[in-house]
Amino acid sequence: MERSLYERLGGIGAITAVVEAFRDRVAADDRINQKFVKTDLARLTKMLIDQVAEAAGGPNKYTGRSMKEAHARMAVTNGEFDALVEDLVATLNQIHVGKAEQDELLGMLGPMKDEIVEVDSNEVGTPLPAAYQPAAPMRS
Ligand code: HEM
């Protein structure tokens, strides 16, 4: 049987390394980092690791909100979504994730675009609306 994407990526250690490097790249990217000013990054990092690991066939369980709910009233544009995907591809290249695995991961994200983008515009660096309420911080 073919190995799962989770195994081919290198398991939880490799997925954690990808998510942490991706988070740092997004934090430094002025095209999208304003959207994260109210966010608890510890929670976001954990949620992303669980989401990717589960979707790739690993044993983790994602316990966060739906993509629609998590990104509601954030006013994310098409251009900002594309910027985030660009940051992910740059991270995957930096960490030497193979082309086949990259394509599988990106194939999972494409269908989420409609649930996340609220503003049909190519603009980037748009502010987080003042009324936006983030998730409660994670308790450690
Ligand atoms: C396919 C692309 C994306 C995926 C898979 C994704 C995934 C996630 C996940 C799993 C969470 C955590 C939800 C929770 O805590 O319940 C989250 C939260 C968040 N996402 Fe995304 N996201 C994507 C695109 C974007 C884009 C394009 C932006 C903005 C430019 C964005 C901004 C945020 C922010 C600010 C939060 C934190 C929300 C909060 O503090 O409550 N995301 N995302």
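Both backbone and side-chain heavy atoms feed into the values below; hydrogens, waters and symmetry mates do not. One-based numbering, in listed order, for ligands and for the atoms of each. This one's a predicted model, so the numbers in the text were calculated from it and none came from an experiment.
Every salt bridge (Lys or Arg N to Asp or Glu O under 4.0 Å) that Asp82 has, sequence neighbours left out, goes to Lys113. With sequence neighbours left out, the side chain to side chain donor-acceptor pair (under 3.5 Å) criterion links Lys61 to no other residue.
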Between ligand 1 and the protein, give all atom pairs where both partners are nitrogen or oxygen and the distance is under 3.5 Å, as lines of names plus distance to 0.1 Å.
from: ligand 1; atom 1: 15 (O); to: Arg43; atom 2: NE; distance (Å): 2.7
from: ligand 1; atom 1: 15 (O); to: Arg43; atom 2: NH2; distance (Å): 3.0
from: ligand 1; atom 1: 16 (O); to: Arg43; atom 2: NH2; distance (Å): 2.7
from: ligand 1; atom 1: 16 (O); to: Arg65; atom 2: N; distance (Å): 2.9
from: ligand 1; atom 1: 16 (O); to: Arg65; atom 2: NE; distance (Å): 2.9
from: ligand 1; atom 1: 20 (N); to: His71; atom 2: NE2; distance (Å): 2.9
from: ligand 1; atom 1: 22 (N); to: His71; atom 2: NE2; distance (Å): 2.9
from: ligand 1; atom 1: 40 (O); to: Thr39; atom 2: OG1; distance (Å): 2.7
from: ligand 1; atom 1: 41 (O); to: Arg65; atom 2: NH2; distance (Å): 2.8
from: ligand 1; atom 1: 41 (O); to: Tyr132; atom 2: OH; distance (Å): 3.3
from: ligand 1; atom 1: 41 (O); to: Ala135; atom 2: N; distance (Å): 2.6
from: ligand 1; atom 1: 42 (N); to: His71; atom 2: NE2; distance (Å): 2.9
from: ligand 1; atom 1: 43 (N); to: His71; atom 2: NE2; distance (Å): 2.9

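Judged as a side-chain hydrogen bond (donor to acceptor under 3.5 Å, both in side chains), the pairs with a partner in residues 13-24 (not counting sequence neighbours) are, in order, Arg23-Thr45.
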*Going through the distances and angles, do Leu92 and Glu101 end up as a side chain to side chain contact (heavy atoms under 4.5 Å, CB included)?*
CA-CA 9 Å; Leu92 295 172; Glu101 286 73 26; over 6 Å; no

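No salt bridge links Arg25 with Asp29; every basic N to acidic carboxylate O contact stays at or beyond 4.0 Å. Of the charged side-chain nitrogens involved, at least one lies within less than 4.0 Å of a carboxylate oxygen, so that Asp87 and Arg31 count as a salt-bridged pair.
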